[in-house]
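Just below is one structure, and these are the notes that go with it.
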Amino acid sequence: MCLLLYATIGGEGAFVLKQFSDLPIIPEIQSALSALEYKIPTPIQAGAIPPLLEGKDLLGCAQTGTGKTAAFAIPILQKIHQSGLYALRTQPTGLIIAPTRELVVQISENLRDLGRHTKVRHTTVFGGVGQRPQVAALSKGVHIVVATPGRLLDLIDQGYCSLSKLQYFVLDEADRMLDMGFMPDVQKIVRLLPKQRQSVFLSATMPPEIQKLASTLLHRHVTVMITPPAKTADRVEQSVMYVDRGNKRKLLDRLLSDPTRTRVLVFVRTKHGADRLYKSLIDDGISAEGIHGGRSQNARQRVLTDFRNGKIRVLIATDIAARGIDIDEISHVVNFDVPLEADAYVHRIGRTARAGASGQSITLCSGDELKYLKQIEKTIGMRIPIDREHPFHSVDAQDGELGEFHDQEKSRKKRSSKGTNSNQTKGQASSSSKPASETTRRRRSISGKVKKIKPREGSGQSSSYAKRPPKKSRPKRR
Ligand code: AMP
């Protein structure tokens, strides 16, 4: 049996949002919630806490920023606390698996804050640091282990941890595990779990591999969907700026010259790119830092704390390092490089507009990145509005867009001229083409339909269409 509860943030949900005090949560956790000033459960919390407290399995389709951590942490803390179980040496009762060290630390902080008046003890396990303190904590005995899959398996192999007494299992950000190549490790862990257990499976998107894994892991589960798969956070105001690669740095400077951009997360594709960019911003007197998988765990934690406290205004990050960054009030996300996958775009922009706030994302797109942008737009099901109101607007990049359109138009016409009038000569076919001035006013909609865009009359706004040089003198497209 699968019971489906569906909710959209800010939209009409299946639940009437109650107060936490209306939910059957024990006073020890209620007082922690009051101290955190959480009054109203988020949709995933309202949907997940009651069935989890009843012992049901849960499939949650929700991104970071929806309050998903507390949604599973509260019931597990409560059930372990009420059971009065001792923390057994090397044999945890609960296991939470997450793809990155940062996410593990954040989940651990949530458990610490929410469980501060309970008797539940937990520890973290992740790679990139010495294993000795982790082994010591497990040997002393903890109720819950929050872990990345690789290091956990290492410790299990060495006999420092056993899953034989496990009762609660959470797999967080399953789709990211898949992206990062952790699925074989996850599957090994799943094979070690006792049959009798309660499981929670969380993923921002639900590709077929993830659905398959969920079905093997869950039993008679409840489903809570917070954002439909691959939809971007509703409250994020998105825009794209076409710019030549060589001008991206100058455009970023211009964006940062606006003091209302108070806490800016900038995404780049590579570690090297992150290092280069944050160092050059520091050289220009901008308070910036970089975070990526090549930096030590300590450096990453320090940078995140400084960004969270407002000591650093601009954080340059790669996708993997930024996964799970739990920082409210990120005013802007800038995609300095267009992500190669639509999924990464959704995750990136989800770093802003968290916990009910609004936010903006700006994507800097050069001509060679247009194909990735198109793929993203297809996946999220919308055209990202173009912002041309900056001095670096690239006609070249926009030409790429029109060029792609022209290519498709040409082949469509070729096909249709072949089909409808096979006797037509080449010259006749080409003479029937629409003049360039008309095609430039047309743009494709996301559904692939051709949409006519009215020419702007005396708007005074810069328009790359209007500015396009005559066909013969046009620069070669990239
Ligand atoms: P998460 O999706 O678990 O990463 O949570 C996103 C952010 O929302 C975190 O900063 C939480 O502290 C915060 N948060 C979670 N639940 C609530 C709530 N019910 N009320 C206010 N803030 C919350």
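Values below: every heavy atom of this structure, side chains too, minus hydrogens, waters and symmetry copies. Order of listing sets the numbers, starting from 1, for every ligand and every atom in it.
- For ligand 1, the polar-atom distance check finds an N/O of Ile40 within less than 3.5 Å of one of the ligand's N/O atoms.
- Put simply, the side chain of Asp57 gets close to the backbone of His219: a donor and an acceptor are under 3.5 Å apart.
- Proximity of Gln45 to ligand 1, defined as any heavy-atom pair under 4.0 Å, is confined to the side chain (atoms from C-beta onward).
- In this structure, Lys311 does not pair ionically with Glu289, as no charged nitrogen and carboxylate oxygen lie closer than 4.0 Å.
- Considering backbone and side-chain N/O atoms, Thr66 comes within less than 3.5 Å of an N/O atom of ligand 1.
- Close approach of ligand 1 to Phe20 is summarised as follows: ligand atoms under 4.0 Å from at least one heavy atom of the residue are 19 (N).
- Side-chain contact between Gln360 and Ser239 is absent, with no heavy-atom pair separated by less than 4.5 Å.
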Between Asn298 and Ser296, does a side chain to side chain donor-acceptor pair (under 3.5 Å) hold up when you go through it step by step? CA-CA 5 Å; Asn298 285 346; Ser296 73; 5.5 Å; no
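- Using a 4.5 Å heavy-atom cutoff, the side chains of Arg89 and Ser139 are not in contact.
- Looking at ligand 1, you'll find an N or O of Tyr38 within less than 3.5 Å of one of its N or O atoms.
- For ligand 1, the atoms lying closer than 4.0 Å to a non-hydrogen atom of Thr69 are 1 (P), 3 (O), 4 (O).
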